[in-house]
Amino acid sequence: ALHRRLVENCRRCDRVVVVSKFWQERLAEFGVRNTTLIYNAFDVGQFAVQGEEVAAFKERHGLLGKPVLYIGNCREEKGAPAVWRALRDKPYHLVTSGLGDIDLPVRKFLLPYKDYILLLAASDAVVAMSSFEEGWNRTAHEALLCGTPVVGSGSGGMAELLQQAGQQICRDVKDLPDMAAHAVGHRAQYGRAGCAFASSFNMARFTREWLDLVADLSRARVPSLQSDLSESTH
């Protein structure tokens, strides 16, 4: 019932803004074609952290001696438990952040945003194995902005992000150990490709696309208003 009402309301809108081609295509399947794709935006400059900052962060938090894998927020739907089961016997620091709702035997961080960025930059890879249909996946995008490789499930709009950023998509968790090891072993290669793509989603682009949308809707409304005014004078 909720899904039906959502689709009905979308059809009534002048325009529905989506954040990935996946959702544009999914809504079209339900007859919602009045969509505009505007991707998530980031202040790219926030992610230009220095190597010394990253090294100090790792030293401060004891993340030394073996690779660091960030596995996202400790939630079932975000895939953290499945990732932990697949990688718990491997030589990694497995780390999470945020409040979460599952207790796993991994390093947990609750950080201000600046330090969260340092955690992503300090990670040798980020694993994003969400089991639900993501709109995009901001954590994966933030990691790419830090030059950190991402291995992800590719659920929903995440697939578009990872494919275009040249990252690995893991469809079966049993393949995760090999794919994570490959990402860690080729960190620089995946990091460069990912950062180059992710950096195009900046605030200037976001602002321009929203202003274009507003202008487009305004142009469409003017003839309608003129017609209404004309009819009211007769």
Taking only residues at least two apart or on different chains, which pairs with a member in residues 22-35 satisfy salt bridge (Lys or Arg N to Asp or Glu O under 4.0 Å)?
R26-E29, R26-E133
When rounded to the nearest 0.5 Å, the distance separating SG of C170 from CG of L176 is 5.0 Å
Connected via hydrophobic side-chain network under 4.5 Å: V44 and Y116
yes
Which one of V49, L111, V54, L145 satisfies the side chain to side chain contact (heavy atoms under 4.5 Å, CB included) criterion with I117?
V49
Determine which pairs satisfy salt bridge (Lys or Arg N to Asp or Glu O under 4.0 Å) with at least one residue from residues 76-87, sequence neighbours left out, and list them in order.
K78-E134
Considering only heavy atoms from C-beta outward, does the side chain of C10 approach that of F30 to under 4.5 Å?
no
More than 12 non-hydrogen atoms from neighbouring residues, nucleotides or ligands closer than 6.0 Å to NZ on K90, yes or no?
no
Would you list the atom pairs, donor with acceptor, under 3.5 Å between side chains in residues 61-70 and any protein atom, with sequence neighbours excluded?
unit_1	atom_1	unit_2	atom_2	d
Y70	OH	S97	OG	2.5

So which atom in P149 and which in G191 form the shortest heavy-atom distance, rounded to 0.1 Å?
CG-N, 4.3 Å
is_close_aromatic(W136, F201), centroid dist under 6.0 Å
yes
Would a 4.5 Å heavy-atom cut-off, applied to side chains only, mark N34 and R11 as touching?
no
Give the cluster check for L27 versus L37: same hydrophobic cluster or not, with ILVMFWY residues linked at side-chain heavy-atom distances below 4.5 Å.
yes
Is any side-chain heavy atom of N137 less than 4.5 Å from a side-chain heavy atom of S130?
yes
Please give me the minimum heavy-atom distance between G135 and S20, naming the atom from each residue.
O-OG, 2.9 Å
Using the side-chain contact (heavy atoms from CB on, under 4.5 Å) rule, take L161 and F197 through it: C-alpha gap first, then chi angles, then the decisive distance, then the call.
CA-CA 9 Å; L161 168 63; F197 175 71; 4.0 Å; yes
Sequence neighbours excluded, every pair satisfying ring pair (Phe, Tyr, Trp, His ring centres under 6.0 Å) that has a member inside residues 144-187
H182-H186, H182-Y190
Using a 3.5 Å distance criterion without hydrogens, assess whether the side chain of S155 forms a donor-acceptor pair with backbone atoms of F132.
yes
Validation row: F109, T96 side chains within 4.5 angstrom (heavy atoms)
no
Hey, quick one: are L162 and V184 part of the same hydrophobic cluster, counting side-chain heavy atoms closer than 4.5 Å, chains of contacts allowed?
no
Are V95 and V127 in one and the same hydrophobic cluster, where Ile, Leu, Val, Met, Phe, Trp and Tyr link if side-chain heavy atoms are under 4.5 Å apart?
no
Members sharing L110's hydrophobic cluster (side chains within less than 4.5 Å):
L99
In Å, rounded to the nearest 0.5 Å, how long is the span from CZ of R171 to CE of M179?
9.5 Å
Excluding sequence neighbours, so at least two apart, what forms side-chain hydrogen bond (donor to acceptor under 3.5 Å, both in side chains) with D216?
R15
With sequence neighbours left out, what residues match Y39 under side-chain hydrogen bond (donor to acceptor under 3.5 Å, both in side chains)?
E160
Distance col, row I169:CD1 vs S153:OG, nearest 0.5 angstrom, shows 8.5 Å
Could you walk me through whether K108 and D103 pass the side-chain contact (heavy atoms from CB on, under 4.5 Å) test, one step at a time?
CA-CA 9 Å; K108 304 176 183 68; D103 187 27; 3.3 Å; yes
How would you list, by chain and number, every residue that makes a side-chain hydrogen bond (donor to acceptor under 3.5 Å, both in side chains) with R12, sequence neighbours excluded?
N9
Using side-chain heavy atoms (C-beta onward) and a distance below 4.5 Å, is L94 in contact with R107?
no
Please report the C-alpha distance between K114 and E53 in whole Å, then the side-chain angles of each, then the deciding distance to 0.1 Å, and finally whether the salt bridge (charged side-chain N to carboxylate O under 4.0 Å, His left out) criterion is met.
CA-CA 11 Å; K114 172 65 175 177; E53 295 178 275; 3.5 Å; yes
For E59, does the CD atom have more than 12 heavy-atom neighbours from other residues, nucleotides or ligands under 6.0 Å away?
no
Q46 vs Y113, test: side chain to side chain donor-acceptor pair (under 3.5 Å). Steps then yes/no.
CA-CA 10 Å; Q46 284 187 294; Y113 193 62; 4.8 Å; no
Listed by chain and number, what are the side-chain hydrogen bond (donor to acceptor under 3.5 Å, both in side chains) partners of D101, not counting sequence neighbours?
R75
Euclidean distance, F206 CZ relative to L211 CG, rounded to 0.5 Å
10.0 Å
Taking all heavy atoms of A82 and all of V173, pick out the closest pair and write down the distance.
O-CG2, 3.8 Å
Nearest-0.5 Å distance, SG of residue C13 to CD of residue E8
12.0 Å
Side chains of L144 and Q167: does their closest heavy-atom pair fall under 4.5 Å?
yes
CH2 on W210 to OG1 on T207, rounded to 0.5 Å
11.0 Å
Using the side chain to side chain donor-acceptor pair (under 3.5 Å) rule, collect all pairs that involve residues 194-205, keeping only residues at least two apart or in two chains.
S200-R205, R205-E209
Heavy-atom neighbours of R4 CZ exceed 12 at 6.0 Å:
no
Please report the shortest heavy-atom distance between F57 and A122, naming the atom on each side.
CD2-CB, 4.1 Å
Less than 4.5 Å apart, any side-chain heavy atom of R187 and any of T148?
yes
Which pairs pass ring pair (Phe, Tyr, Trp, His ring centres under 6.0 Å) with one or both residues in residues 142-171, sequence neighbours excluded?
none
Transitive ILVMFWY side-chain link F42 to L120, under 4.5 Å:
yes
Partners passing side chain to side chain contact (heavy atoms under 4.5 Å, CB included) against A80 (at least two apart in sequence or in another chain):
I71, L104
